[in-house]
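Only one structure is covered here, and it is reproduced in the block below.
We number each residue from 1, following the sequence as shown.
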Amino acid sequence: MLASILRRVEALELDLNGLSVVTEAATGAYACTATIAAVAGARRVSIFARDTRRHGSASDAFDATLSLARHAGVADRITMLHRLEPKAFAECDILTNSGHLRPISDAVVAALPPGAVVALMFEAWEFRSDDLDLAACRRHGVPVAAVNERHPHVAVFPFLGPLALKLLEDADVAARGSRILVICDNPFAPFICSGLNAAGARVTLTPDLAGAGSGPCDAVVLALDPGRNAPLREAELRKLAALAPNVPLAQFWGDIDRAAAAAAGFILVPRTDPRPGHMGILLNALGPEPIIRLQTGGLKAAELVHRGATFSPDGVAELL
């Protein structure tokens, strides 16, 4: 993980020298964010964590995050936060929109000093209103930076194809020779399809159920933007089941009535219901590399916004 962090910080020329960052402590691959910031020169990195059923206790998160930081030799610049009080944000230059810090409320935004930036850690079109009070950011003049995940030095989207393959493997579907229906209405589509095609699948892509056609398939990959689509309910799922009966339905992204999907005959992956608006499988299923790329890219986008950089269409950062 540290070798990957050093490569990505160098490639993106991430420079947080003199800045203060507030982010999460986390387990697994997501333990990287604080170390990335400190390696890039942040003068102080404050980390916060909560107890969770899925990802362990706050103590586990602090231990994992500080262990990596000690390995990198930057633990002395990382401070644990046990409560999110206004004073924790008084000198914050970059606040990451990370899981343990969400939702970022009006009270948190109001506590940020002039010049502070919120780093989304995903592309602007993927924004979820439940994560962050965007109206509060605009009222208080706090810019929100999104990262271009398709930038060549970030390059997270190319992992989407292998991620879809991983989800299909969990349903015991071998891609080679399989007929896969991909229902996707967003920029994920070419990356999911290219990954499946490269693995030998025969892919049919449609942006919605209306274009699904009537040809047979061995699995369905659903990747509909939940910000633009209501959850698929019984009527839609029965229609889809008529086109693709008794096959695995991989819920890559997009909300569905899972009880109705099971009743319609679909074999559902992932086995557990994703939270509304969230992906069914996360990038860390492929190891730490895509997470390190994403977190470093998100911090770079925030750095550029904080320093008032001028943006180009193919740049790393985008203002929400």
Are the side chains of Val182 and Phe252 in touch, meaning some heavy atoms are under 4.5 Å apart? no
Determine whether Thr23 and Leu299 make a side-chain contact, defined as any pair of heavy atoms from C-beta on separated by less than 4.5 Å. no
For a side-chain hydrogen bond (donor to acceptor under 3.5 Å, both in side chains) check, start with the C-alpha distance between Asn197 and Ser194, then their side-chain angles and the critical distance, and finish with the verdict. CA-CA 5 Å; Asn197 281 320; Ser194 65; over 6 Å; no
Between CH2 on residue Trp125 and CG on residue Asn186, distance to nearest 0.5 Å: 4.0 Å
Is it the case that the side chain of Glu303 and the backbone of Asp15 share a donor-acceptor pair, with hydrogens and angles ignored and the cut-off at 3.5 Å? yes
If you look only at pairs with a residue in residues 223-249, which of them pass as a salt bridge (charged side-chain N to carboxylate O under 4.0 Å, His left out), with sequence neighbours excluded? Asp185-Arg228, Asp225-Arg228, Glu234-Arg238
Please tell me if the side chains of Thr206 and Asp208 come closer than 4.5 Å, counting only heavy atoms from C-beta onward. yes
Does the pair Arg293 and Glu149 meet the rule for a side chain to side chain contact (heavy atoms under 4.5 Å, CB included), with working shown? CA-CA 9 Å; Arg293 287 171 172 267; Glu149 297 180 57; over 6 Å; no
Hydrophobic cluster membership, with links at side-chain heavy-atom distances under 4.5 Å among I/L/V/M/F/W/Y: are Leu294 and Ile292 in one? no
When rounded to the nearest 0.5 Å, the distance separating CG of Leu249 from CG of Leu240 is 6.5 Å
Which heavy atom in His100 sits nearest to a heavy atom in Ala49, and how many Å separate them? CG-CA, 3.8 Å
Hydrophobic clusters here meaning ILVMFWY residues chained together by side-chain heavy-atom distances under 4.5 Å, can you tell me if Val154 and Val144 are in one? no
SG (Cys32) and CG (Asn284) are apart, to the nearest 0.5 Å, by 10.0 Å
Got Arg44 and Val21 here, is their nearest side-chain heavy-atom distance under 4.5 Å? no
Just verifying a value: how many Å separate Leu163 CG and Phe191 CZ, rounded to the nearest 0.5 Å? 13.5 Å
Contact between Ile291 and Tyr30 at the side-chain level, heavy atoms closer than 4.5 Å - yes or no? yes
What distance separates Asp63 CG from Thr27 OG1, expressed to the nearest 0.5 Å? 11.0 Å
Does NZ or CZ of Arg128 fall inside the cone over Phe122's six-membered ring, less than 6.0 Å from its centre and within 45° of the axis? yes
Would you say His71 has more than 12 foreign heavy atoms packed within less than 6.0 Å of its NE2? no
Exactly one of Leu232, Leu222, Leu205 clears side chain to side chain contact (heavy atoms under 4.5 Å, CB included) with Ile183, and that residue is Leu222
Less than 4.5 Å apart, any side-chain heavy atom of Leu101 and any of Val108? no
